[in-house]
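Below: the structure, in structure tokens.
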Amino acid sequence: MAEKDSLSAFDRDTALALAIISGGFSLAVIVALCWYGLAYAYPRYLDDPGMISLRKLVLEHPDNATLKELYRKTDLLRRQAYFEAQSRLRSGGYLLFGSLVVFALSMRRLAKLSEKAPVPPVLTDDSQRERRLAAGGICAVSALAVAAAALILIWTRPPAPQTTPTEGLPVPPLVLVDGGEKPVPEALRWPQLRGTNRLGIVEAMDLPLSWNAANGKNILWKAKLPLPGNSSPVIWGDRVFLTGADHEVRQVFCLNRKDGALLWNTSIKTAAVLPPDFQIWEDTGLAAPTPVTDGKRIFAFFGTNELAALDLTGRQLWARWFGKPESMYGTASSPLLYENKLILQLDQGGPEEGKSFLYALDPASGKELWKAPRDVPSSWSSPIIAETPNGPELITCGNPWVISYDPKTGYELWRARVLPGDAAPLPTYANGLVYTLTGYTPLTAIKTGGVGDVTDKNVVWTYSEDISDVSSPVTDGTFFLFASSTGSLTCLDAKTGKLLWREQFEASFWSSPTLVGRLVYLTDREGKTYIFELAGRYKLLGTGELGELVVATPAFVDSKIYIRGRDHLYCIGQKDVQGTDKH
Amino acid sequence: MARVSLAILLAVLMLPQAVAESRVPPPDFETGYERPVLTFQTRQIFAREIADAVVLMAALGLSASFLLRKRSRASVFVLGLSCLLYLGVYKKGCICPVGAIQNVTCALCRADYAVPIVVIAVFILPLIAALMWGRVFCGSVCPLGAIQDLFLFRPIRVPRWLEASLGLLRYFFLGLAVFFVADRSVFIICQYDPFVGFFRFAGPAWKYALGAGLLGLGMFIGRPYCRFLCPYGAILSLLARWTTSGVSITPDECIRCKLCDDACPFGAILRPAVEQRTSTRSKILLASLALLTLIALAIGGYFAGGKSVAGAILGLWFGLVIALKLISLMHRRERKAYEVDHAACLSCGRCYQWCPRERKRLAAAEARNG
């Protein structure tokens with residue numbers, strides 16, 4: 001008996017000692033993790049004043065190599081520290097988990113050793129009272145739950161269409177510059193980002209091979225823009241449409257294509273209520289999405305998640321607000337028009353937050369025709385329509401999925417897991433292949449068709465070097481060309497992914513290349529345009545200089561190029577000997 | 001006190017990791033980092049998923065065997081711990097019938113959503129097991145239940161009326177979860193899974209706080225998530241009512257010693273009772289009240305959900321749950337012995353340990369086996 005008691009005491013002492021040691025160890029790990037996590041593991045790249053001012057200095061002194069090197073080293077060190085901290089935190093987490101398990105088991109053992117036999121409850125016949133109490137409790141819990149559920153439903157309700165009435169809004173004077181009702185020929189249309197087909201391909205035209213804004217060579221006109229923005233110009237007949245925004249207003253402006261005169265600018269009115277702490281990523285701004293027009297209306301989307309439809313005289317027809325934007329680098333997705341549907345890819349928040357959707361809206365009213373939820377986080381890409389042998393497919397890029405939808409119904413057709421990164425460039429399509437890319441992720445050619453996840457079936461080739469993170473690619477089905485923000489320009493065989501040539505420039509490309517006939521026009525951030533043939537070898541044919549920051553993609557209409565710089569819109573075309581427009 | 005402190009510390013502990021989840025923007029320039037070669041999903045992964053479903057099936061079978069044949073609480077506990085480590089920590093909580101409710105709902109509501117066959121299997125297997133043997137999944141297979149069981153040190157009794165009231169919450173949560181999937185394609189069961197952060201060592205701070213809070217509460221109140229919040233538990237409860245070969249406190253005759261009543265930390269023992277019937281007048285009154293509640297909640301749900309049919313159905317579900325629960329109070333069938341309430345029983349086997357008939361039976365069996 002005594003031996004049993006001493007064994008039991010030994011057992012209790014051991015369990016107690018284990019509980020104390022593992023509890024103490026857990027506590028120490030907790031303190032260490034808290035301190036370490038708070039001190040090292042928080043990424044401060046975006047709001048660190050030191051990095052911001054250093055970055056500013058680098059941008060102000062672009063030729064200062066020492067500053068650049070310092071910035072790179074500092075950035076690299078911070079990144080290394082961050083990931084090292086992450087790794088240590090994870091190891092600490094495992095240690096803690098183990099020690100807590102030991103703690104829980106020893107505490108259980110202690111509880112077991114001091115366990116008392118159950119005591120038979122004294123039962124009284126109070127069933128009536130218990131029933132009354134239960135009924136009361138059920139009613140109270142139910143009432144609270146119903147109230148809470150109602151609040152949750154109301155609180156989480158997606159924003160309803162916020163159509164802003166046109167009454168009371170200023171009506172701009174009607175300015176008809178192309179005869180009003182006269183149909184606009186195809187050659188005078190650039191209705192959306194990257195042209196009619198959104199692939200950055202246009203018929204050959206008589207364009208200059210050089211220009212210079214400093215001496216006016218081949219610059220037909222230059223117009224100061226009312227507000228900043230990174231959206232690209234859109235053209236319909238003799239009107240050029242652009243958007244601009246700041247924290248106060250979001251505007252659509254219309255310029256006369258002939259001379260750059262401002263015809264109207266309309267500040268859109270929506271039900272948007274932005275929180276006071278709403279911030280934007282400076283490089284993206286609030287007017288990065290390019291508007292789209294069907295020749296009767298212009299549809300503009302902004303980084304505030306405001307979407308507005310205006311008629312060609314600048315009168316607002318309707319507007320919608322999609323709630324507070326939740327995207328780290330701002331919003332850049334451009335709306336698309338397809339068979340009387342206005343399609344908007346709005347990817348926000350995290351992949352499981354349920355905030356990303358693909359919308360199809362009625363262009364006449366802004367009402368929803370269909371809405372497809374997307375299990376992807378924030379993205380900055382825009383959808384395209386691929387006219388495949390199986391019919392039209394709506395191709396979208398997000399992290400990590402390239403998803404194809406039926407544009408008529410919004411039903412998902414297939415998806416491929418090939419974009420494990422921040423998706424920004426547009427996909428492109430040629431000869432049954434969809435091409436997708438984004439920085440730090442291989443470029444992938446995917447055969448269209450199939451159902452469900454086609455990753456292991458439809459990927460035809462991949463390519464991993466110098467992939468573009470902002471600029472979109474262009475392909476004619478034979479050659480595949482893309483330019484990166486690090487200044488590389490790469491041409492691959494579009495069918496096999498084999499490298500044909502690669503050029504490195506002292507430049508950074510955000511703007512996307514456009515194929516005009518056989519010539520490629522590609523503008524860098526400094527406003528220098530490189531003109532070369534899309535062929536198996538790189539040969540520069542000419543350059544144009546604007547001397548102004550360019551991130552938008554130019555429009556090509558009527559043998560003229562329309563390039564948006566930071567502050568101006570330029571019209572470039574052949575000048576005759578008298579210095580007037582040759583065309 | 002030490003246990004409460006542990007719960008608080010757990011919440012504090014995970015804060016830095018949660019904060020550290022923020023994304024890191026790519027650098028503005030090239031680095032020496034070499035990108036790993038992209039790999040694609042292969043058939044092997046599908047085979048692994050099938051294997052996971054087989055593991056789940058095996059675990060359910062073992063759980064039933066330990067509980068109903070071997071009648072061993074220790075074996076049930078060890079199996080629970082193994083499942084916690086495998087399904088929870090190793091698989092990161094992702095062979096999850098609880099979350100599969102949403103996939104199945106999504107597949108039923110959306111024509112373009114294809115639910116993998118493995119997910120359907122993971123959803124259905126524990127339901128079949130519940131029909132056959134009671135809630136054996138909750139007993140020792142579910143990692144969410146196992147982690148709570150691990151931290152149950154000194155259980156206290158929850159009054160029966162409170163147990164009945166709070167037990168409704170899981171049905172409400174089930175309704176909300178289905179509504180959010182059907183109407184908004186949001187998976188709230190996964191979003192608000194309190195323990196998945198512990199399994200993955202990642203997640204927002206509030207999730208760790210919720211998990212730590214439930215574990216802290218669970219030191220004294222047995223498995224609060226399973227009893228009051230788990231939406232899958234709600235479905236299992238409904239099915240387990242119909243089981244014919246579930247847990248019995250003892251295979252022998254009950255001597256009404258009342259010990260099991262105190263031994264069960266989950267309030268799953270039904271006491272002997274005399275039959276109770278309700279007058280026709282009360283029945284009519286209650287039925288009218290239930291009908292009114294149903295109509296009111298359906299209309300309320302329709303408007304609260306933004307004039308959506310899904311909102312109206314959710315309101316109906318809430319009304320139905322409340323009405324049925326109130327109606328169940330009006331009627332009580334006769335019981336001569338202590339019985340297991342299969343709807344509430346979490347198949348832990350604790351009641352075996354204290355039943356004198358069971359102890360005697362086990363001792364005799366042990367003696368027979370030498």
Side-chain angles (χ1 to χ4, degrees), chain A residues 23 27 30 33-34 37-38 41-43 45-46 72 75-76 79 82 86 89-90 93 96 104 107-108 111 117-121 123 130-131 133-135 137-138 140-142 145-146 149-150 153-154 157-158 160 328 352 354 373 411-412 417 439-440 442 452-453 455-456 459 462 464 469 486, chain B residues 2 6 9 12-13 15-17 19-20 22-27 29-31 35 38 40-42 89 111-112 114 150-151 153-154 160-162 164-166 168-169 172 176 184-187 190-191 198 201 257-259 261-263 271 273 297 300 304-306 311 318 322 325-326 329 354:
Chain A
L27 192 65
I30 287 167
L33 284 178
C34 283
L38 291 172
Y42 183 67
Y45 298 103
L46 296 179
R72 283 177 181 165
D75 187 274
L76 185 65
R79 279 165 200 279
Y82 171 73
Q86 287 293 299
L89 280 177
R90 206 166 296 117
L96 182 67
M107 285 299 285
R108 285 184 67 83
V119 181
L123 298 180
E130 200 165 273
R131 272 208 306 175
L133 274 173
I138 288 166
V141 168
S142 302
V146 166
L153 257 57
I154 293 165
R157 200 187 289 165
M328 191 176 181
E352 286 175 6
Y411 286 168
E412 186 177 319
R417 195 187 186 93
Y440 310 96
D453 186 352
T455 313
D456 55 348
V459 171
T462 61
S464 300
D469 52 354
T486 54
Chain B
L6 170 70
L9 285 170
V12 177
L13 139 81
L15 181 69
Q17 292 195 42
V19 171
S22 312
R23 297 163 65 201
V24 183
F29 46 81
E30 281 193 342
T31 67
R35 285 183 288 276
L38 188 71
F40 298 107
Q41 187 169 5
T42 59
V89 180
D112 62 324
L150 191 66
F151 278 79
F153 301 140
R154 198 174 290 274
R160 282 173 187 261
W161 65 268
L162 188 59
S165 314
L166 293 177
L168 290 182
L169 291 178
F172 296 148
L176 274 174
R184 300 177 191 176
S185 297
V186 177
F187 284 26
C190 297
Q191 271 187 32
F198 298 121
F201 300 99
C257 69
K258 307 174 196 168
L259 289 175
D261 193 359
D262 194 41
R271 292 168 182 165
L297 288 180
F318 269 55
I322 298 165
K325 191 69 192 176
L326 286 173
L329 286 181
W354 297 105

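Every chain is numbered from 1, with letters handed out A, B, ... down the list of sequences.
Scored by the side chain to side chain contact (heavy atoms under 4.5 Å, CB included) test, Leu133(A) finds Arg129(A), Trp161(B) as partners (sequence neighbours excluded). Considering only residues two or more places apart in sequence or on other chains, Ser142(A) meets the side chain to side chain contact (heavy atoms under 4.5 Å, CB included) condition with Ile138(A), Leu168(B), Phe172(B), Ile322(B).
Contact detail for Leu169(B) and Ala145(A): the closest heavy-atom pair is CD2-CB, 4.4 Å. Residue Leu176(B) comes nearest to Ala149(A) through the heavy atom pair CD2-CB, 4.3 Å, listed as atom of the first residue, atom of the second, then distance.
For Leu150(B), the parts sitting under 4.5 Å from any heavy atom of chain A are the backbone and the side chain alike.
Panel note: side chain Arg131(A), backbone Leu329(B); a donor-acceptor pair is recorded below 3.5 Å.
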